[in-house]
Structures are given as structure tokens and as C-alpha cells.
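Below: the structure, in C-alpha cells.
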Amino acid sequence: MEVQTLLKTSKHTAVKLSGAEAVIKTLINEGVEKIFGYPGGAIMPIYDAIYDYLDVVTHYLPRHEQGAIHAAEAYAKISGKTGVVFATSGPGATNLITGLANAMVDSTPLVCITGQVSSQLLGYDAFQETDVVGVSMPVTKWNYQVTSADEIMEVISKAFYIASTGRPGPVLIDITKDAQMSKTDYLYQKVSRVAAYYPYPKIEDEQVKKAAILINQAQRPLILAGQGVKLSRAEELLVKLSEKANIPVAATLWGLTAFPSSHSNYVGMLGMHGNYAPNILTNEADLIIAIGMRFDDRVTGKTSEYAKSAKIIHIEIDKSEIDKIIRTDVAVVGDAREVLSKLIPLVENKQHEHWLEQFKELRKTECDQVIREAINPQTPGLKMAEIIHRISEKTKGEAVVIADVGQHQMMTARYFKFKYHNHFITSGGLGTMGFGLPASFGASVASPDKPVVLFVGDGGFQMTIQELATIANNRANVKIVVLNNNFLGMVRQWQQLFNQKRYSFTTMQNPDFTKIAGAYGLKANKLLKRENIDEILNEMFANDEPYFLEVEIEKEENVFPMVPPNESVSNMLLKADY
């Protein structure tokens, strides 16, 4: 959809610049300090222009465009800024698509700038020409092709405004080579308003009042906290709401760290491999208060049997998410921080001690039957949960944690005790294997003063293994922990439980990862025995240098509890019947 901006005439005198230099100057005016990208022919003028501004902006060269965009995603999440990515035309641009889709689902603000063949060659199948605007349209919040240097300043500023406001998301700007090379009168004016785009809906006070009435009447309320709480910086208000009405709080995968895990009202993670109590008691609640979450299928299980005893309040900035999956009784469309600011004064002080006690009892059941053995196993082989738990203890929960996708991702979410807000980054909605390694580098750029710990499986690690070079060359303080079971573990678990152990193409024949890491210049080690855990972890965290650790774990370790596919959350399994 074409969007027109409302701009005032600049009072400054214009200067003649190439379109490429106008790109760099506009990025700097938008506050950009870090860029992730990979050069090529169609974006070469922009790379030539940035050469003169490296004292102002830092460019990082990952080893693949997918690595660049995943790094930018993590950078954006940790820093709170909009990530910026450069790529060339054709395969360079299409290599961004997975990252764009990932950022779209996980609401990550990105501005991706791709080079394109000259405008006179468009549509003629020129070398490395691809209709990246058409290809990327379903996975971007907005995209646009620039064919004139005069458009560059306004379009880029508009891109930052759209990417970062409302529900954040990725934007792609495709700039033809002739637009990069031709001259323009450079006049920068920051875009702060876009016609037909209303990122912050007006909150209906009547809906807020209706929500307060339901909260005040509820006997068994449950708050479901999603990423929207963090994006709106409403963490403190969420604590106030929970404490005032004494309401238990559960978090989605991306909602982790939105509410302190040490708080007495925190009852755990929702979802297929979440905690037992919040999943089971969802169907006992008489009121669900969903804040900044979208009722993903991994959270709801079988929707026809989800929260049948509960009224639903949905607080969400994106109107399209309302009633999309779960029908609501009261919908409040708006920014979570603004809505909670209006809601809290209307909520009465309440006590729900008996209700909270039910969560504690089920938590004890999970501890007795799952958690205790997972973190202190009596089996000879090492387990994922115990390694993650020990690293959590070693870092006191203060590390920035990245998880790739698979069993280890769920184990990380379950067993790492995050101390700070926004210190856990993963691929949530899309589930992109290979996200973790480049994302860990992007996180280290955003948070250079803290160790970044990456938990990754042997499958996902090899999908973007070339980014070891990026980490090594930049001496990034990333501790890479490959939890190696020589399987595509999550798929294998499903095959074991639901396909009679027919392990179809999930067995991995892996190389010696430590030798590969060593070849890139990384300090590398392998953990094989439980008695060596302390010694090796001490070595890994002894300094701020990158470190690679391969842990040989049990081949057929499974993640429990688990809600079986297409089952009610009430049917969560604590162990398998096999």
C-alpha cells in the first residue's frame, strides 16, 4: 500500500550529494550507529559512500546475508533501536527473506536496504535482478522501491517511523543503482507522521472500565504476559496490576522476562513445553487477561477446548489479532503501557490466596516429577537441563541469553533463571533454525559489557556455522554452547512419541565441532563428563573472549512437560507413556 507522508519545508540550505551518500547521511540523522551487511555490485555505491563515514557509523560484515539480518534482529531486541541491514540485489536480497519473515512474526523493527539494478533494466531479467519488493511484500510491514535519488531522504525516514512505531516490524527499501549514483539536493526532515497510518490506536475508556469490572468480579484470574509488555516498556505496570489484585502471571516464550521470575505471583511459562501449573489451570480460570500476546497455537493447544470456563480480556495494540484465534469478552486495543496506566486505578485490591495455592501445588508436582531429575540427573550421560541450569547459576542469571530452535530452546526457556528484563532472545513465531549463532553476535554488539551465552543444537548450529568467523574476527564476548545429541532433537522426540520411533532422517553425522571452531581461531573445548563441568565453565567465563563449548548430551533426552499436538492444555503430559 502506498503511504504518503506529511512533511514541512526544510529551512536549511540544500547541498548536492549522490543518492548513495544521501542514504548514509539519512541513516546517521536517524540515529543509526551500527549496520550489518554484505556488499555486492548493485549496492556498491552505498558501500563506497559509507567508507567516508566509518568514524560515525560501524559496519559489521557477517558471512551471509541471513547472518546479517539475524544479527540485526538481536541487536534491535537488546538495544531497543531499529536494526539496519544492507544487501545487494538478486540472491543477496532473497537471502534476507527468512530474516524478514522472522522479524515480522516476532515484531522486530528493521530497516533493510537492498541495492537493485538500474531503473532502465527493471523487468528485463538483468544480471542479479529479482523483484524483491514483490517477494518481500508478505513478510514486511512496508516496502518500497526507490528509482530517483530525490526520494531517498523521505523514504528512509518514513521507513524508520513505520518500522519502530505501533507493533514494530521489518521494512525493506530497494534502491536502484542509478538512484544511488545520481545527484540530489540533500534536505533531511525527520518523518513523524504518515497519512493513513495510525500506529497508536485511541484507547476506548469504556472498554477499560469493562475490563476492570471483570477483574474485580473474578475469583480465579490469570494474566498471560506476552512480548507486547516488553515492547511497550510496561513491565513495572504489570507488576503493579498483579500485586494490587493479587493475580498470578504466566508468560509466553517471548513474554519471558516481562515479569520477574522471582516474584511470588509468577507461575511460569505457557505453551507446549511450558510449566505444568499455568497450562493445567488455564482451563480452571474464570478470567484470562491477555496482555500483548496473540494466542499462538503453541499456547492454546486445541482451541475448541481452551479456557472454556473463562471470560477473556485481550489487551493488544494490533487490532487484527483481536478475535483472530480466541474470542474475547472485552478487547482493549492500544499500547499495553497506556492501557495498564488507565486500568490499574480502576482495579480493586484483592486476595486470591486459594487460587495461587493451586499453582504452588502443581508447581511442586512438576518439581517432583520433572525438574528435580532434569537439573540433578542420576543418569551417566549429561543432560541439556543440567548444563543450562549450571550456566545460569554460574552467571547468576545476568548473561544475555540466545537460544536457537529445538529442544534446547525449550530447555533454555525453562531452566535459565533470567535476572534482567529483555535478556532472552530466540526465534519465536517462525522457529528459524540457524537464528542463534548470528543473533548471538548481534546481541554482543548491542550489549558489549555483558557475556552473551548461546545455546544451540548440532542441527541449527550447522545452518549458519560460517558466522563463527564473524564472532572470531570481532572478538565478540560470545560463549557458544552446542548441545550435541547427534539428532534433530525436537523432530526426533515427536517421531519417538507419535511415530513409533521411526527416526526418518533425523540422525546427524556430525564433524568434530571443536576442530572447526579452532580453525576459526576460537578457544574450543568439549565437555563429556559431569565431573568436569565446573572446571570447564570456569575456563569459559574466565575472560571476555569468545569461547566454543561442545557438550555431548544424552541422545534421546526429551522435553517434558508436553502438550501433545491438537490436545487441550489440560492434557499436558509430565512424562511419556512408552
Side-chain angles (χ1 to χ4, degrees), residues 1-9 26 29-31 76-77 80-83 100-101 103-112 133 136-146 151 153-173 188-211 226-234 237-238 254 289-295 312-328 330-343 429:
M1 179 180 67
E2 179 68 19
V3 185
Q4 298 298 322
T5 58
L6 301 175
L7 296 176
K8 296 179 181 179
T9 303
T26 303
N29 280 324
E30 288 290 332
K77 289 294 190 187
K81 300 176 181 179
T82 299
L100 289 169
M104 189 71 173
V105 178
D106 285 346
S107 303
T108 306
L110 297 179
V111 170
C112 297
V133 171
S136 66
M137 189 173 295
V139 291
T140 51
K141 191 175 177 184
W142 182 64
N143 64 15
Y144 187 86
Q145 186 173 78
V146 173
E151 299 179 284
M153 295 76 73
E154 180 181 341
V155 169
I156 291 179
S157 187
K158 184 193 300 185
F160 276 88
Y161 180 70
I162 292 173
S164 62
T165 54
R167 181 178 179 177
V171 171
L172 183 138
I173 306 301
Y188 169 79
Q189 184 77 6
K190 187 173 181 64
V191 171
S192 58
R193 190 177 164 201
V194 173
Y197 172 60
Y198 307 102
Y200 301 104
K202 185 178 185 302
I203 297 168
E204 296 183 19
D205 291 339
E206 190 60 33
Q207 293 299 99
V208 178
K209 291 176 183 177
K210 289 179 180 178
Q227 184 188 193
V229 175
K230 297 189 292 185
L231 292 175
S232 66
R233 295 174 174 81
L237 291 175
L238 178 59
W254 260 115
I289 308 159
I291 307 174
M293 55 87 72
R294 56 190 179 85
F295 290 107
I312 307 291
I313 296 171
H314 196 177
I315 299 169
E316 170 60 48
I317 198 168
D318 185 351
K319 189 175 182 179
S320 70
E321 296 291 351
I322 302 295
D323 293 331
K324 186 171 81 174
I325 297 171
I326 299 297
R327 293 289 300 177
T328 59
V330 175
V332 187
V333 181
D335 177 79
R337 183 179 179 86
E338 292 183 30
V339 173
L340 291 180
S341 296
K342 290 174 175 285
L343 178 63

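Residues satisfying the ring pair (Phe, Tyr, Trp, His ring centres under 6.0 Å) criterion with F160, sequence neighbours excluded, are absent altogether. For T108, the side-chain hydrogen bond (donor to acceptor under 3.5 Å, both in side chains) partners at least two apart in sequence or on another chain are K77. In terms of the side-chain hydrogen bond (donor to acceptor under 3.5 Å, both in side chains) criterion, T82 has no residue partners (sequence neighbours excluded). Applying the side-chain hydrogen bond (donor to acceptor under 3.5 Å, both in side chains) rule to E151 yields the partners Y144; only residues at least two apart in sequence or on another chain are considered. With sequence neighbours left out, the side-chain hydrogen bond (donor to acceptor under 3.5 Å, both in side chains) criterion links N29 to Y186.
Within 6.0 Å of NZ on K324 lie more than 12 heavy atoms contributed by other residues, nucleotides or ligands.
A distance of 11.0 Å separates CD in Q189 from CE in M153, rounded to the nearest 0.5 Å. To the nearest 0.5 Å, the span separating CE on M293 from CH2 on W254 amounts to 15.5 Å. The distance from the NZ atom of K230 to the CG atom of L238 is 12.0 Å, given to the nearest 0.5 Å. Taken from CZ in R167 to CD in E316, the straight-line distance is 6.0 Å, to the nearest 0.5 Å.
Here the side chains of S232 and I317 are not in contact, with every heavy-atom distance at 4.5 Å or above. When side chains are defined from C-beta on, I315 counts as touching L343, because their heavy atoms get closer than 4.5 Å. Side-chain contact check for S341 versus L237: some heavy-atom pair is nearer than 4.5 Å. Two residues are said to be in side-chain contact when any heavy atoms from C-beta on lie closer than 4.5 Å; Y197 and W142 fail this criterion. Residues L340 and I291 form a side-chain contact, since some pair of their non-hydrogen atoms from C-beta on lies under 4.5 Å apart. Put simply, the side chain of Q227 reaches to within 4.5 Å of the side chain of S107, judged on heavy atoms.
Remark: side-chain polar atoms of Q207 are paired, donor with acceptor, to backbone N or O of A331 under 3.5 angstrom. At least one donor-acceptor pair under 3.5 Å links the side chain of N143 to the backbone N or O of V133. Formation of a donor-acceptor pair under 3.5 Å by the D106 side chain with backbone atoms of G429 is found in this model. Between the side chain of H314 and the main chain of R327, no donor-acceptor pair closer than 3.5 Å is present. A distance-only check finds a donor-acceptor pair linking the side chain of K141 to the backbone of I162 [under 3.5 Å].
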Report the C-alpha distance between V208 and E338 in whole Å, list the side-chain angles of each, state the deciding distance to 0.1 Å, and finish with yes or no for side-chain contact (heavy atoms from CB on, under 4.5 Å).
CA-CA 11 Å; V208 178; E338 292 183 30; over 6 Å; no

Check the pair V171 / T140 against side-chain contact (heavy atoms from CB on, under 4.5 Å), numbers first and verdict last.
CA-CA 5 Å; V171 171; T140 51; 5.9 Å; no

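Scanning both residues, A163 and P109, for their nearest heavy atoms gives O-CB, 3.4 Å. Contact between I312 and F295 at its shortest, heavy atoms only, is CG2-CZ, 3.9 Å. Of all the heavy atoms in A211 and I313, the pair that sits closest is O-CD1, 3.5 Å.
S157 and E30 share a donor-acceptor pair across their side chains, judged by distance under 3.5 Å alone.
Listed by first and then second residue, the salt bridge (charged side-chain N to carboxylate O under 4.0 Å, His left out) pairs involving residues 194-210 are D205-K342 (not counting sequence neighbours).
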